[in-house]
Amino acid sequence: MDRVTEAVSGGRPVVLDGGLATLLEEYGYDLSGGLWSARLLAEDPGAVRRVHRAYFEAGAEVATAAGYQASVPALVARGWSRSEALGLVRRSVELARAERDAFGSGLVAAGVGPYGAALADGSEYTGAYGLDEDGLYAWHRERWRVLAGSGADLVACETVPSAAEARALARLAGETPGVRAWLSLSCRDGERLGDGTPVRELLAEPVVVEAAAAGALVAVGVNCTAPRFVPELVRAVAAAGFPAVAYPNSGEAWDARARRWMGVSEPEEFGAAAVEWHRAGAVLVGGCCRTGPEHVRSVRRHLHG
């Protein structure tokens, strides 16, 4: 049994990391601009490694590489050549692998952000793209091929708000020999993706079912979604027969007028909630935006003592 299969099917919840950009901002980095954290792949790769190390030390068993915002079109549009852009995409995994190896244990998941991340207009929460499934498949394909051959243990398809994009990514996973991926959805409530598609409807899509049956899609779930919606979503995933992944945001809300986050997230409460997510069916559990090492440490303590 390989390490990924063992992690997903071993009956013991696996602790994921927390928000990469969240911790970079705590370290004092300005992540404004369309490239967000991906800019540091070129400008300060040591900072990215520092984040991975902090999460491993907090108890994370998986490092999600900094590829979310590192799409080839976005990098090229900001001055890198295509070959340089592909190199930066590859570097996201190299940095995570190097820190994992230095730490001595753990898995590395290559980060694949949605099309909306490259647009940098918030559409990763709505799925209002204007591209159909074939268009999204073509857009993701080049980066996917690089990451699938990068040496990562998994490919993490994150914050996917669109059923068409979910199907496109499932197609890519299903047709790539040897790849193991998870598909994590961005949801507007406890029942629907950002584009309004019922999650249960997506889980019944033949391309999703077939990718899972082939062993390419090892988990389906939710991230960057309010924690209060996670139990219902995870139960739907588990009822459909999929191992579930859950790494929601902190549950805080951004007050645009006051320009500050409202509703302080307590790591202890987040860790306690993780127990409920696991009981609902989540086998991969962590945090997304506005969660940090203390949230991961709390998840680890609540799940493993």
Side-chain heavy atoms nearer than 4.5 Å, only ILVMFWY residues, links allowed to pass through others: does that put [X] and [Y] together?
X    : Y    : result
L183 : L233 : yes
V93  : W80  : yes
L119 : V160 : no
L169 : V245 : no
F56  : L20  : no

Backbone N or O of [Y] within a donor-acceptor pair of the [X] side chain at under 3.5 Å?
X    : Y    : answer
S81  : E84  : yes
R300 : G59  : yes
E43  : L40  : no
H295 : G292 : yes
R141 : L136 : no
Q69  : G34  : yes
R78  : A74  : yes
S298 : P267 : yes
Y68  : P114 : no
T225 : V222 : no

In sequence, state the C-alpha distance, the side-chain angles, and the governing distance for V220 and L203, and then conclude on side chain to side chain contact (heavy atoms under 4.5 Å, CB included). CA-CA 9 Å; V220 180; L203 296 173; 3.7 Å; yes
So does [X] pair up with [Y], basic N to acidic O under 4.0 Å?
X    : Y    : answer
E94  : R91  : no
R171 : E133 : yes
E61  : R12  : yes
R100 : D153 : yes
E142 : R82  : yes

Decide yes or no on side chain to side chain contact (heavy atoms under 4.5 Å, CB included) for V179 and W144, but give the supporting numbers first. CA-CA 10 Å; V179 78; W144 179 276; 4.1 Å; yes
Which heavy atom of [X] sits nearest to which heavy atom of [Y], and what is that distance?
X    : Y    : answer
A128 : S123 : O-CB, 4.0 Å
A109 : V62  : CB-CG1, 4.0 Å
G281 : A238 : CA-CB, 4.3 Å

Do [X] and [Y] come close enough that some side-chain heavy atom pair is under 4.5 Å?
X    : Y    : result
T64  : E158 : yes
P13  : V283 : no
L202 : L185 : yes

Does any donor atom in the side chain of Y115 or E165 lie under 3.5 Å from an acceptor atom in the other side chain?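 Looking only at side-chain atoms, E165 and Y115 do not form any donor-acceptor pair under 3.5 Å.
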Can a donor-acceptor pair be found between the side chains of D44 and Y29 at a distance below 3.5 Å?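 Yes, side-chain donor-acceptor contact under 3.5 Å.
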Point-to-point distance, once rounded to the nearest 0.5 Å, from CD of E25 to SG of C289: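 Rounded to the nearest 0.5 Å, the CD-SG separation comes out at 9.0 Å.
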Report the distance from atom OG of S92 to atom CG of L147, rounding to the nearest 0.5 Å.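 Reported to 0.5 Å precision, the distance equals 5.5 Å.
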Pi-cation contact, F103 with R53 (under 6.0 Å, within 45°):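 The answer is no; the distance or angle limit is not met.
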Heavy-atom count around R279 CZ within 6.0 Å, excluding the residue itself: above 12?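 Incorrect, the count does not exceed 12.
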Are the ring centres of Y247 and W277 closer than 6.0 Å?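 No.
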Apply side chain to side chain contact (heavy atoms under 4.5 Å, CB included) to L217 and W182, showing your working. CA-CA 6 Å; L217 195 60; W182 79 58; 5.6 Å; no
Apply side chain to side chain contact (heavy atoms under 4.5 Å, CB included) to residues F229 and C187 and explain how you reach the verdict. CA-CA 8 Å; F229 298 136; C187 296; over 6 Å; no
